[in-house]
Amino acid sequence: ARAGAPVPAGTAQGQNIERGRLLYEVHCATCHTERLHTREKSRIRSYADLRAEVGRRAELTNRRFEPQELEDIIEFLDRSHYRLDLPRPRK
């Protein structure tokens with residue numbers, strides 16, 4: 001199953017979005033569902049929050065990720081779910 005909306009392949013500031021999607025699907029999506037990544041109830045408010053959470057979750061896998069792979073996953077999650085670069089809707 002694809003995680004989130006389609007994301008164009010390529011690089012954004014050195015991150016490979018497609019590789020991030022594939023890494024996420026193989027190593028992350030097996031343990032939790034898409035419902036984990038909701039903007040409305042999320043504690044993720046910044047790239048620093050997202051980076052810290054991905055780092056914590058990566059330690060739970062049986063794989064040692066390279067730093068660039070983690071950045072690719074972070075960029076994929078931001079583009080497909082969190083949209084930290086976009087203003088949050090006001091409540």
Side-chain angles (χ1 to χ4, degrees):
R2 283 184 71 101
V7 179
T11 59
Q13 299 177 354
Q15 287 82 27
N16 183 317
I17 306 298
E18 185 64 17
R19 182 172 74 165
R21 180 186 66 80
L22 292 172
L23 287 166
Y24 176 85
E25 288 178 352
V26 170
H27 300 287
C28 307
T30 57
C31 292
H32 58 77
T33 65
E34 287 295 305
R35 287 177 281 171
L36 178 71
H37 304 292
T38 62
R39 288 182 67 197
E40 294 79 25
K41 297 178 183 178
S42 178
R43 293 181 186 168
I44 306 295
R45 301 282 185 230
S46 68
Y47 261 80
D49 293 344
L50 183 55
R51 186 170 284 114
E53 188 64 24
V54 167
R56 279 192 293 277
R57 300 288 179 157
E59 290 176 1
L60 300 175
T61 70
N62 292 324
R63 185 178 194 281
R64 186 174 185 278
F65 290 93
E66 296 296 324
Q68 186 58 53
E69 290 176 321
L70 292 175
E71 291 301 314
D72 293 343
I73 294 169
I74 291 163
E75 187 63 23
F76 162 70
L77 287 172
D78 180 50
R79 294 274 184 102
S80 63
H81 295 82
Y82 296 104
R83 310 288 296 215
L84 296 168
D85 56 330
L86 300 177
R88 289 191 178 270
R90 292 182 185 216
K91 293 185 178 186

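Below, each value reflects all heavy atoms present in this structure, side chains not excepted, and no hydrogens, waters or symmetry copies.
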Does Leu77 share a hydrophobic cluster with Leu22, counting links as ILVMFWY side-chain heavy atoms below 4.5 Å and allowing steps through other members?
no
Rounded to the nearest 0.5 angstrom, the CG-CZ distance for Asn16 and Arg21 is 10.5 Å
| field | Any Ile44 side-chain heavy atom under 4.5 Å of Leu84 side chain | value | yes
For Ala58 and Leu70, the nearest pair of non-hydrogen atoms, with its separation, is CB-CD2, 3.7 Å
Residues Ile17 and Glu75: closest non-hydrogen pair is CD1-CG, 2.9 Å
Let me see the working for Gln68 and Arg19 under side chain to side chain contact (heavy atoms under 4.5 Å, CB included), right down to the final yes or no.
CA-CA 10 Å; Gln68 186 58 53; Arg19 182 172 74 165; 3.2 Å; yes
Value for OH (Tyr47) from OH (Tyr82), rounded to nearest 0.5 Å, stands at 12.5 Å
Between the CG atom in Asp72 and the OH atom in Tyr24, the distance rounded to the nearest 0.5 Å is 15.0 Å
Between the SG atom in Cys28 and the CZ atom in Phe65, the distance rounded to the nearest 0.5 Å is 5.0 Å
Here the gap from His27 atom NE2 to Leu60 atom CG, rounded to the nearest 0.5 Å, amounts to 14.0 Å
Of all heavy-atom pairs linking Leu50 and Ile74, the shortest is CD2-O, 3.5 Å
- prompt: With the threshold set at 4.0 Å, does a side-chain nitrogen-carboxylate oxygen contact exist between Glu69 and Arg63?
  reply: yes
